[in-house]
J.: 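Just passing along the structure, written as structure tokens.
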Amino acid sequence: VGDGVLVAEVDRVDDELLAAWALLLPQLSPTAAPVTREALQRVVDSAGTSLLVARADGRVAGSLTLAVHATPTGVHAWIEDVVVDGGARGRGIGEALTRRAVELAAERGAATVDLTSSPSREAANRLYQRMGFERRQTNAYRRRLPPS
Ligand SMILES: CC(C)(COP(=O)(O)OP(=O)(O)OC[C@H]1O[C@@H](n2cnc3c(N)ncnc32)[C@H](O)[C@@H]1OP(=O)(O)O)[C@@H](O)C(=O)NCCC(=O)NCCS
């Protein structure tokens with residue numbers, strides 16, 4: 001992993017994190033509504049969910065969310081919202097975030113770690129396969145709900 005890269009779990013939402021996410025979100029999803037302090041706080045407050053940030057040279061350069069949950073068939077983990085700032089890519093920050101998430105999932109008893117990634121996300125798909133994620137033959141479904 002690149003020099004000076006540190007991955008940590010967020011335990012407190014502050015202005016720096018909010019400002020960092022304001023820059024990261026459009027790079028993850030150009031159409032997403034802006035991330036609010038409350039949204040970040042909800043992640044931090046959620047049991048079983050971890051918001052990870054990577055710092056490069058002291059500044060927030062990327063983030064990922066890990067969710068671990070139990071079902072009758074075992075403990076499962078999901079990785080979502082993986083993003084690294086455009087100016088900091090190609091230094092192993094995405095890899096460092098993913099590696100830490102997999103470690104945390106294992107520590108919390110997960111037997112599997114799942115994620116989805118659009119085939120158009122070439123760097124992401126290479127990253128995950130390089131890190132041992134295997135492509136599954138399954139259909140990913142989503143039902144959208146009206147805003148509450
Ligand atoms: C996917 C993403 C998180 C990877 O972050 P990263 O810190 O660049 O990850 P890494 O450095 O560990 O590896 C990235 C790959 O891109 C390559 N790369 C090198 N320079 C690059 C650059 N300037 N820009 C983009 N990718 C670069 C790396 O060599 C590596 O390729 P490899 O797997 O063939 O070795 C980042 O590209 C990103 O945020 N993309 C937009 C959002 C996205 O697609 N998120 C994933 C959602 S599923």
Side-chain angles (χ1 to χ4, degrees), residues 1-11 13-46 48-69 71 74-108 110-145 147:
V1 174
D3 289 337
V5 176
L6 272 177
V7 176
E9 188 172 346
V10 173
D11 54 16
V13 176
D14 58 16
D15 291 345
E16 185 203 15
L17 182 71
L18 191 60
W21 257 103
L23 294 175
L24 290 172
L25 180 71
Q27 303 181 58
L28 175 65
S29 169
T31 56
V35 168
T36 62
R37 189 179 293 272
E38 292 68 35
L40 293 172
Q41 192 62 53
R42 207 160 43 230
V43 183
V44 170
D45 291 345
S46 293
T49 301
S50 299
L51 182 62
L52 303 188
V53 293
R55 286 174 184 280
D57 310 320
R59 297 158 57 103
V60 175
S63 182
L64 162 164
T65 299
L66 172 74
V68 180
H69 65 277
T71 75
V75 178
H76 308 276
W78 274 90
I79 288 176
E80 294 190 68
D81 291 358
V82 182
V83 60
V84 171
D85 185 54
R89 288 183 193 162
R91 291 175 54 179
I93 296 173
E95 178 176 331
L97 282 162
T98 306
R99 183 176 320 110
R100 185 69 192 123
V102 170
E103 279 170 12
L104 283 173
E107 282 170 20
R108 294 176 195 167
T112 54
V113 184
D114 283 60
L115 57 82
T116 65
S117 187
S118 162
S120 64
R121 297 187 185 276
E122 290 178 18
N125 280 275
R126 276 207 312 278
L127 166 66
Y128 302 135
Q129 291 182 51
R130 156 157 69 77
M131 297 199 65
F133 288 78
E134 290 166 7
R135 201 152 69 88
R136 302 175 69 206
Q137 287 300 339
T138 189
N139 296 327
Y141 290 98
R142 169 169 295 172
R143 168 140 178 214
R144 293 178 193 279
L145 300 176

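Index from 1, following the sequence. Counting starts at 1 for both ligands and their atoms, following the listed order.
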J.: When you measure from the heavy atoms of Thr98 to every atom of ligand 1, does any distance fall below 4.0 Å?
T.: no

J.: Considering only heavy atoms, which of Arg130, Arg91, Glu95, Arg99 lies nearest to atom 35 (O) of ligand 1?
T.: Arg130

J.: Within a radius of less than 6.0 Å around CD of Glu107, do more than 12 heavy atoms belonging to other residues, nucleotides or ligands occur?
T.: yes

J.: Who's the nearest protein heavy-atom neighbour of atom 39 (O) of ligand 1, and how far?
T.: Val84 N, 2.8 Å

J.: If you measure from atom 28 (C) of ligand 1 to every heavy atom of Ser118, Ser29, Gly90, Ser117, which option wins on shortest distance?
T.: Gly90

J.: Could you tell me the residue and atom name of the protein heavy atom closest to atom 4 (C) of ligand 1, and the distance to it rounded to 0.1 Å?
T.: Leu127 CD2, 4.2 Å

J.: Could you identify the single nearest non-hydrogen protein atom to atom 6 (P) of ligand 1 and state the distance to 0.1 Å?
T.: Gly94 N, 3.6 Å

J.: Is atom 44 (O) of ligand 1 less than 4.0 angstrom from some protein heavy atom?
T.: yes

J.: How far is atom 22 (C) of ligand 1 from its nearest protein heavy atom, and which residue and atom name does that atom have?
T.: Arg89 CB, 3.9 Å

J.: Out of curiosity, Asp81 CG to Leu52 CG, how far, rounded to the nearest 0.5 Å?
T.: 11.5 Å

J.: Which of the numbered atoms in ligand 1 are below 4.0 angstrom from a heavy atom of Val83?
T.: 39 (O)

J.: Kindly compute the distance separating CZ (Arg100) from CG (Leu64), expressed to the nearest 0.5 Å.
T.: 11.5 Å

J.: What protein heavy atom lies closest to atom 17 (C) of ligand 1? Include the residue and the distance to one decimal.
T.: Arg126 NH2, 3.8 Å

J.: Does the protein place any heavy atom closer than 4.0 Å to atom 30 (C) of ligand 1?
T.: yes

J.: Could you tell me, atom by atom, which parts of ligand 1 come under 4.0 Å of a heavy atom of Ala124?
T.: 1 (C), 46 (C)

J.: Output the distance between atom CZ (Arg42) and atom CG (Leu51), rounded to the nearest 0.5 Å.
T.: 12.5 Å

J.: Have a look at Ser63 and tell me which of Leu24, Val10, Ile93 forms a side-chain contact (heavy atoms from CB on, under 4.5 Å) with it.
T.: Leu24

J.: Could you report the tightest heavy-atom contact between Leu28 and Val82, atom names first, then the distance?
T.: CD1-O, 3.3 Å

J.: Measuring from atom CG of Leu127 to atom OG1 of Thr98, what distance do you get when rounded to the nearest 0.5 angstrom?
T.: 4.5 Å

J.: Would you say Gly92 has any N or O atom under 3.5 Å from an N or O of ligand 1, going by distance alone?
T.: yes

J.: Can you tell me how far apart OG1 (Thr65) and CH2 (Trp78) are? Round to the nearest 0.5 Å.
T.: 13.5 Å

J.: Which of the listed options, Glu122, Arg121, Gln129, holds the heavy atom that is closest to atom 47 (C) of ligand 1?
T.: Arg121

J.: Using heavy atoms and a threshold below 4.0 Å, how should the contact between Thr116 and ligand 1 be classified: side chain, backbone, both, or neither?
T.: backbone

J.: Taking everything shown except Arg37 itself, do over 12 heavy atoms lie less than 6.0 Å from its CZ?
T.: yes

J.: Hey, which atoms in ligand 1 end up nearer than 4.0 Å to a heavy atom of Gln27?
T.: 41 (C), 42 (C)

J.: What is the closest protein heavy atom to atom 46 (C) of ligand 1, and at what distance does it sit?
T.: Val82 O, 3.3 Å

J.: Would you give the length of the straight line joining atom CE of Met131 to atom CD1 of Ile79, rounded to the nearest 0.5 angstrom?
T.: 8.0 Å

J.: Go through the steps for Arg108 and Ser50 under the test side chain to side chain donor-acceptor pair (under 3.5 Å), then give the verdict.
T.: CA-CA 11 Å; Arg108 294 176 195 167; Ser50 299; 2.8 Å; yes

